[in-house]
> 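Have a look at this one before I ask anything.
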Amino acid sequence: MSTFISSLFSFTPYMFSFILFLILLEQISYLIKKRFIPGPTLVFPFFGNAITLVRNPTKFWDLQSTIAKSSNLGISANYIIGNFIVFIRDTELSHKVFSNVRPNGFHLVGHPFGKKLFGEHNLIYMMGQDHKNLRRRIAPNFTPKALSTYTALQQIIILKHLKTWVKMSEQKKSPIPIRILARDMNLDTSQTVFVGPYLGLKAREGFERDYFLFNVGLMKLPFDFPGTAFRNARLAVDRLIGTLATCTEMSKLRMEKGEEPSCLIDFWMQDTLREMAEANYAGGEMPPPFSSNSEIGGYLFDFLFAAQDASTSSLLWAVTLLDSHPEVLAKVREEVARIWSQESDELITAEQLREMKYTHTVAREVVRYRPPATLVPHIAAEEFPLTESYKVPKGAIVFPSVLESSFQGFTEPDRFDPDRFSEERQEDQIFKRNFLAFGAGAHQCVGQRYALNHLVLFIAMFVTLIDFKRDVTDGCDEISYVPTICPKDDCRVSLSRRGARYHSFPGTNKL
């Protein structure tokens, strides 16, 4: 025993020296990659600033923005668990990243550890002709006819949840936080709009549990060991994709019978089945690409992820900003009442939705002022000349900041001003390059019309059916990352029914 201990002590100096050597190499590598751009001079060994990022994302990214502003480069550097990162606040440099998503340029990752969570074969990781072909195949999901079908489903679900919110607030007789409530409403909406009748009650319960595990894992360090939040999230994604693949198979069977589409997957499968039949008629031995149940299940999960958290963020900021801007709230209520009667039991039609032009400007300004996905991480596949003087090193994670771009160019960008998107001012066209809430380039959000429709419908119904008042406290509207952004207090509001009764939509009692 004494011999072993003696050997251990004699080996310790060598181990200590080896660790110091690794730390020295790490610091040198970081400084070589950083070169002259602003950022920490030294970083914490091995972890870098990962702990700070996880504990307080708002503070971390605010600091990166401040550092980037300290020079005329518009970028800053940092280090997270072996990954050198570059933060971009300059709009034109962000566009340079978005427009160079290609095998030897930048690879969109959506999340710093996204491939481990989402899997390799994911829509956001595709590029080139395969990506174009898949987007073409997805297009039928967002035609006017499809969007009209979704609009009806969205309203029925929004009404069901708003009634529950009001009842909860009146029972508590105090302000309630609505972040989790809005998230649950959006999950219900996404499930119904995307896979409608193919997800039974029991499947929905399991789906919601798995999605909760996924959300928790998004905000944790990527320690992929049994029992960790990250491992639980990764396994949950596998189960979610499997469930969606089963829904895809059920939709194919129904669409083969010639029935009318009732949800997104039906519109998708209707067109996919037509292409499969054409390929079979032409003597093709293999089915068309992107048509298997498992592939489509994975792409549906991409949609779910994009629609769920981003939409929740926008709904919360809409409530927050309408409460703090009563003149905007009054104009929205006037417009909606002129187009859609509060005493009506009719759904808002697609035509009526288009007529709500001011409410649309409010929705767009909410998204500009508080873009849900504030950062869009990419990985540099090769060394890339970002500026005339700085090349992003291969393997670096680059974070174009959508939030920073939203506050550049526009007239008085720090002011919440829906009129900037009016037909008279058209700042959405004049400063189009700064409006990056839905991305840019080949990977621009394919479902942005659906997302904006959902936000407009929610605003129209919320302000018409409900009287609300924010519980205003110090710092309540500060930005919090969860993982998209929301008010720090989870948007605490008091709610009460505004009219004599609620609408009675057809189908309300079925959902």
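Side-chain atoms are counted along with the backbone in the values below, which use heavy atoms only and exclude waters and symmetry mates.
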> Got a second to check how far Ser311's OG is from Asn186's CG, nearest 0.5 Å?
3.5 Å
> Would you find a donor on one side and an acceptor on the other, under 3.5 Å apart, between the side chain of Thr192 and the backbone of Asp188?
yes
> For the side chain of Asn49 and the backbone of Ile80, is there at least one donor-acceptor N/O pair under 3.5 Å apart?
no
> Any donor-acceptor pair under 3.5 Å linking the side chain of Gln155 with the backbone of Thr151?
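Answer holds: yes.
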> In terms of relative ring orientation, are Phe462 and Phe458 parallel, tilted or perpendicular, with 30° and 60° separating the classes?
parallel
> For Glu335 and Tyr358, indicate whether the former's side chain and the latter's backbone hold a donor-acceptor pair under 3.5 Å.
yes
> Fit a plane to each ring of Tyr299 and Phe290, take the angle between them on a 0 to 90° scale, and name the class: parallel (under 30°), tilted (30 to 60°) or perpendicular (over 60°).
perpendicular
> Under the 3.5 angstrom rule, does the side chain of His95 hit a backbone N or O of Arg433 as a donor-acceptor pair?
yes
> May I ask you to check whether Asp309 and Thr484 show a side-chain donor-acceptor distance below 3.5 Å?
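No pair is found: no donor N or O on one side chain lies under 3.5 Å from an acceptor on the other.
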> Yes or no on side chain to side chain contact (heavy atoms under 4.5 Å, CB included) for Leu455 and Val367, after CA distance, side-chain angles and deciding distance?
CA-CA 9 Å; Leu455 182 53; Val367 173; 3.9 Å; yes
> At their closest point, which heavy atom of Leu213 faces which heavy atom of Ala236, and how far apart are they?
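Distance-wise, the nearest heavy atoms are CB-CB, 4.0 Å.
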> Just say parallel, tilted or perpendicular for the rings of His325 and Phe416, cut-offs at 30° and 60°.
tilted
> Locate the shortest heavy-atom distance separating Ala460 from Val463; write the atom from each residue and the value.
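Minimum heavy-atom contact is O-CG2, 3.7 Å.
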> Check the side chains of Asp266 and Tyr198 for a donor-acceptor pair under 3.5 angstrom, ignoring hydrogens and angles.
yes
> In this structure, which one of Arg234, Arg204, Arg239 forms a salt bridge (charged side-chain N to carboxylate O under 4.0 Å, His left out) with Asp210?
Arg239
> Just checking, any donor-acceptor pair under 3.5 angstrom between side chains of Thr248 and Asn293?
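Note: Thr248 and Asn293 side chains miss the donor-acceptor criterion.
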> Below 4.0 angstrom, N of the basic side chain to O of the carboxylate: do Arg415 and Glu365 qualify?
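Here Arg415 does not pair with Glu365 in a salt bridge, since their nearest N and O are not under 4.0 Å apart.
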> Assess the pair Phe60 and Tyr481: is the distance between their ring centroids shorter than 6.0 Å?
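No, ring centres 6.0 Å or more apart.
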> Before you tell me yes or no, could you show the steps for Val195 and Ser251 under side chain to side chain contact (heavy atoms under 4.5 Å, CB included), namely the whole-Å CA-CA distance, both residues' side-chain angles and the distance that decides it to 0.1 Å?
CA-CA 8 Å; Val195 292; Ser251 174; over 6 Å; no
> Any side-chain heavy atom of Pro40 within less than 4.5 Å of one from Asn78?
yes
> Checking Arg492 against Thr320: is there a side-chain donor and acceptor pair closer than 3.5 Å?
no
> Report yes or no: do Asp184 and His161 form a side-chain donor-acceptor pair below 3.5 Å?
no
> With a cut-off of under 6.0 Å to the ring centre and 45° to the axis, is Arg368 in cation-pi contact with Phe410?
yes
> As a quick check of understanding, evaluate ring-ring contact (aromatic ring centres under 6.0 Å, His included) for Phe303 and Tyr450, giving each step before the final call.
CA-CA 11 Å; Phe303 284 3; Tyr450 168 78; 9.2 Å; no
> Compute whether any side-chain donor of one residue and acceptor of the other, for Glu478 and Thr58, lie under 3.5 angstrom apart.
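No donor-acceptor contact under 3.5 Å links the two side chains.
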> Could you report the tightest heavy-atom contact between Gly439 and Gln444, atom names first, then the distance?
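Looking at all heavy atoms of both residues, the closest pair is O-NE2, 3.5 Å.
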> State whether the side chain of Ser169 and the backbone N or O of Leu495 hold a donor-acceptor pair below 3.5 Å, judged by distance alone.
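Flag set: sc Ser169 to bb Leu495 pair under 3.5 Å.
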> Determine yes or no for a side-chain-to-main-chain donor-acceptor pair under 3.5 angstrom, with Trp340 supplying the side chain and Met356 the backbone.
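No; zero donor-acceptor contacts below 3.5 Å.
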> Could you tell me if Asp467 and Ser496 have a donor-acceptor pair between their side chains, going purely by distance under 3.5 Å?
no
> Just by distance, do the side chain of His443 and the backbone of Met126 share a donor-acceptor pair under 3.5 Å?
yes
> Please assess Phe267 against Tyr150 for the test side chain to side chain contact (heavy atoms under 4.5 Å, CB included), listing each intermediate value before the final yes or no.
CA-CA 11 Å; Phe267 285 100; Tyr150 310 155; 3.8 Å; yes
> Go through the side-chain N and O atoms of Glu295 and Ser292 and say whether any donor and acceptor fall under 3.5 Å apart.
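Short answer, yes.
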> How far apart are the closest heavy atoms of Tyr79 and Ile85, and which atoms are they?
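The answer is N-CG1, 4.2 Å.
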> Sub-3.5 Å donor-acceptor pair from the side chain of Thr361 to the main-chain atoms of Asp419, do we have one?
no
> Would you tell me whether Asn453 and Gln154 have side-chain atoms, one donor and one acceptor, within less than 3.5 Å of each other?
no
> For Phe47, does the CZ atom have more than 12 heavy-atom neighbours from other residues, nucleotides or ligands under 6.0 Å away?
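It does not: Phe47 CZ has 12 such atoms or fewer within range.
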> Please evaluate residues Ile459 and Val332 with respect to the criterion side chain to side chain contact (heavy atoms under 4.5 Å, CB included), reporting the C-alpha separation (whole Å), side-chain torsions for both, the decisive distance (0.1 Å), and the verdict.
CA-CA 8 Å; Ile459 291 173; Val332 172; 3.9 Å; yes
> Of Lys488, Arg370, Arg470, which meets side chain to side chain donor-acceptor pair (under 3.5 Å) against Asp477?
Arg470
> Any idea which heavy atoms bring Ala442 and His131 closest together, and the distance?
O-CE1, 3.0 Å
> Can you classify the ring geometry of Phe421 versus Phe435 as parallel (below 30°), tilted (30 to 60°) or perpendicular (above 60°)?
perpendicular
> Over all heavy atoms of both residues, which pair between Ser405 and Leu436 is shortest? Give the atoms and the distance, please.
OG-CD1, 3.5 Å
> Examine distances only and state if a side-chain atom of Ser148 and a backbone atom of Lys145 form a donor-acceptor pair shorter than 3.5 Å.
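Checking the backbone N and O of Lys145 against the side chain of Ser148, no donor-acceptor pair under 3.5 Å is found.
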